Amino acid sequence: MARYFITTAIDYPNSRPHIGTAFEKIGADAQARFRRMEGDDVFFLMGNDENTIKVPQRARELGLAPKPYVDEMARQFQDVWRALEISFDEFIQTSEVRHHVACQRFIQAVFDAGDIYKSVYKGHYCNGCETFKTDKEVEEAGGRCPNHPSVPLIWVEEDNYFFRLSAYRDRLLDHYANHPEFIQPESRRNEIVNLVKDELKDVAITRKGFEWGIKTPFDPSQTIYVWFDALLNYITAAGYGSDPERFAVTWPADVHVIGKDITRFHCALWPAMLMSAGLPLPRRVFGHGFVYRKNETTGEIQKLSKSLGNVVEPMELIERFSSEAFRYYFLSQCPFGGDGEFSFERFAEAYNSGLANNLGNLYSRILTMCLKYFNGDLGDARADQARAWTKGADFPALIQDLRARITAFEYGFAFQRIGRDVVDLANLYIQETEPFKLAKTDLPACKAVLINLAEWLRTTAILLKPFLPRTAATFYQAFNFEEFQPWSSVSYQDAATPLLGPGLCVTAPSTGGKPTPLFPKIDLGPSSG
RNA sequence: UGCGCCGUGGAGCAGCGGUUAGCUCGCCAGGCUCAUAACCUGGAGGUCGUAGGUUCGAUCCCUACCGGCGCAACCA
């Protein structure tokens, strides 16, 4: 069984996750679920990035010690991810001992390799932000901090350790050239190649005077700076420095799923760090796009931000609608590699059309007919007669295409194909065969059509499984398909050929003889949202 | 300023050198009644940002311009 190691970026715990953060996790989750269906032994890692300056600060405000604070935040984050049915296998916190130990071992290895040297970090420091400002930022703000114009900037010169990133320029460029798939999507790749070509500088990787964080082993007066530490979560969670055997079979990662803003750290700094430490590089880095908020009244597209007050929290949508609706919207409507936009209006539109009118309605109409005309008992179904609904479409080709789309994180296209070449086909098939008329004139013919539609439910369940796990399971459980093949073992390939058997019958939950509606329509009303 | 992206019927997107420019939503007309006023069929609606250029031929390539946007070292 092939090992498949997939990661998401670790998040800062100082603010609660919003729909943009969730977008990344859902995209990674679909991939993880798909790989499991393909038979891989998947290790899906997520986590929180806790060694930041703001952590002790925020903890103090709440009257907590840093560790209990980050633990509580990690719990809250995981609650959200579980509510979204993100199937992560492990959740690392960078405040964990194993991470600290492994980080120190790693930085020592890089130090021993001669890639770390001491120098002076100079820059404008803002007491308001508690961070350094770049020359450009300061210049544009007229010599002040853009966020705190009234607070004077301080010029700080501090002894820090630097990583010889610039020394890896050629090796990085070689790697990009030899592994075109390393950075995805393509547009991101070009960005990074250009960036590395003309402005790769050494980076400061330690800071002085912080208590919270990981101490630098060769100089305990310094702590390891955020990025160096954060990136290492991918290997420390895989067993680096704590479980060599596990590490050997787990690393390298097959794909790091990250936001487009941090592509450079993952595609330049990170591989250089690994090269220095003599470790293999991840196979792929996928930089997804961002979710923007469309202002319902002005039509403006805005970045999600606390100051604009347009942040939407996943829990709000999950509670108001469902996790499936949430997943459906972001996976089908927002191109994962590019930017997407969110508005309640669009959300409702997509939901009503894709879920209520098509998937949900189809589920209802099929099951209703089965219950109404045959009491849910379709008898002995022959697989070789159950594919008329495809109307001669090339299913193996469709499945090949879907696999390629999913592998490339092109979920929107995958949904389009499923919608057009699978869902629409079933509606059309019903329209053309008119089983509701056959029920009055030719029961065996009617049954044959319904067997086809049952098989459609089975096929669709499989195809939807990576995206909408709950809906897919509901579809599969609408009939006794589990008797022919357990749900946990279905693969995309299984959707290519019908699999039915004797005693086919409806097992779906029903209320008053009618199937329970899956997706009640959303009515936002005249001015809600 | 540097690097990059985008501008296609009312909205959101595909197409990226070659038959009547596709899809989803919305709108209009018809059909069907198994279904969540859903589903099926048909229709209206686009000089593919502007101006040049390359080509037998450009939405797709090149140049300029206009307009919107992203990144520029810790902002998902």
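Quick caveat, the model's predicted, so the values are computed rather than measured.
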Identify whether any heavy atom of A:Asn427 sits under 4.0 Å from a base atom; if not, whether one sits that close to sugar-phosphate; answer base, sugar-phosphate or nothing. sugar-phosphate

A:Leu428, nearest nucleotide to its side chain (from B:C40, B:U36, B:A76): B:C40

B:C75 P sits how many Å from A:Asp11 CG, rounded? 13 Å

Assigned partner base of B:G17, Watson-Crick or wobble definition, under 3.5 Å: none

Taken to the nearest whole Å, CG/A:Leu355 to C1'/B:C25 is 14 Å

Which nucleotide in the set B:A73, B:U36, B:C13 lies at the smallest distance from any side-chain heavy atom of A:Glu341? B:C13

Between B:U24 and B:U19, how far apart are the C1' atoms? Round to whole Å, please. 25 Å

Check: A:Lys447 and A:Leu450 side chains under 4.5 Å, non-hydrogen atoms: no

B:A44 -> Watson-Crick or G-U wobble partner, both distances under 3.5 Å, gives none

Watson-Crick or G-U wobble partner for B:C3, using a 3.5 Å limit on both distances? B:G70

Whole-angstrom distance between B:U33 and B:U47, as gauged at atom C1': 44 Å

Span that lies between the C1' atom of B:G49 and that of B:G9, in whole angstrom: 15 Å

Taking CD from A:Gln333 and C1' from B:C25, how many angstroms apart are they, rounded to a whole number? 9 Å

Closest approach to the side chain of A:Arg264, judged atom by atom: which nucleotide of B:A73, B:G4, B:A11 is it? B:A73

Nearest to the side chain of A:Thr368, heavy atoms from C-beta on, is which of B:G4, B:G12, B:C34? B:C34

Could you check A:Pro435 against A:Tyr292 and say which one's nearest nucleotide on RNA chain B is further toward the 5' end? A:Pro435

How far, in whole Å, is B:U50 from B:G68 if one measures between their C1' atoms? 15 Å

So for atom CG, which belongs to A:Asp79, do other residues, nucleotides or ligands contribute more than 12 heavy atoms lying within a distance under 6.0 Å? yes

Figure out the NZ/P separation between A:Lys303 and B:C71, and round it to whole Å. 4 Å

Assess whether a salt bridge exists between A:Glu191 and A:Lys260, defined as any Lys/Arg side-chain N lying under 4.0 Å from an Asp/Glu carboxylate O. no

Please report, rounded to the nearest Å, how far the P atom of B:A73 is from the CG atom of A:Asn160. 17 Å

Between A:Tyr234 and A:His266, is the ring centroid distance below 6.0 Å? yes

Out of B:G12, B:C32, B:A73, which nucleotide sits closest to the side chain of A:Lys201? B:A73

Which listed nucleotide (B:U36, B:A76, B:C34) is nearest to the side chain of A:Lys514? B:U36

Nearest-Å distance once atom P is located in both B:G7 and B:C60: 11 Å

Side chains of A:Phe436 and A:Cys446, heavy atoms from C-beta outward: is any pair under 4.5 Å? no

Pairwise P distance for B:A44 and B:A21, with rounding to whole Å: 13 Å

Mind checking the CG-CG spacing from A:Asp421 to A:Leu402? Nearest 0.5 Å is all I need. 8.5 Å

For A:Phe413 and B:G22, what is the distance between atoms CZ and C1' respectively, to the nearest whole Å? 12 Å

Minimum-distance nucleotide (side-chain atoms of A:Arg365 versus B:G12, B:C34, B:A76): B:C34

Contact class for A:Phe519 (heavy atom, under 4.0 Å): base, sugar-phosphate, or nothing? base

Taking the C1' atom of each, how far is B:U1 from B:G12, in whole Å? 34 Å

For A:Trp227 and B:A73, say yes or no: do the ring centres fall under 5.5 Å of each other while the ring planes differ by less than 30°? no

Respond yes when some side-chain nitrogen or oxygen of A:Ser187 is under 4.0 Å from OP1 or OP2 of B:C5, and no when none is. no

Scan every strand shown for a Watson-Crick or G-U wobble partner of B:C32, both distances under 3.5 Å, and answer none if you come up empty. none

Please work out if A:Leu518 contacts a base, only the sugar-phosphate, or nothing of the nucleic acid, heavy-atom cut-off 4.0 Å. base

Just the rounded figure in Å: distance from P of B:U24 to CZ of A:Arg420. 6 Å

Counting side-chain heavy atoms from CB outward, which of B:C25, B:C34, B:C75 is closest to A:Met369? B:C34

On a whole-Å scale, what distance lies between the P atoms belonging to B:G4 and B:C61? 15 Å

Tell me which nucleotide, if any, is Watson-Crick or G-U wobble paired with B:A11 when both distances must be under 3.5 Å. B:U24

Need to verify one output field. Residue with the more 5' nearest nucleotide on RNA chain B, A:Glu434 or A:Ser353? A:Ser353

Pick base, sugar-phosphate or nothing for A:Gly259, based on heavy-atom distances below 4.0 Å to the nucleic acid. nothing

Looking only at the side chain of A:Lys521 (C-beta and beyond, no hydrogens), which of the listed nucleotides B:U36, B:A73, B:G70 gets closest? B:U36

Where the side chain of A:Gln431 is defined as all heavy atoms beyond and including C-beta, which of B:G31, B:A76, B:A73 is the nearest nucleotide? B:G31

Regarding A:Arg405 and the six-membered ring of A:Phe413, is the cationic atom NZ or CZ under 6.0 Å from the ring centre and inside 45° of its axis? yes

Quick test of your reading of the model: are A:Lys25 and A:Asp11 salt-bridged, counting only N-O distances below 4.0 Å? yes

Complementary nucleotide of B:C61, counting Watson-Crick and G-U pairs under 3.5 Å: B:G53

Rounded off to whole Å, could you give me the CG-to-P distance for the A:Asn357 and B:C40 pair? 10 Å

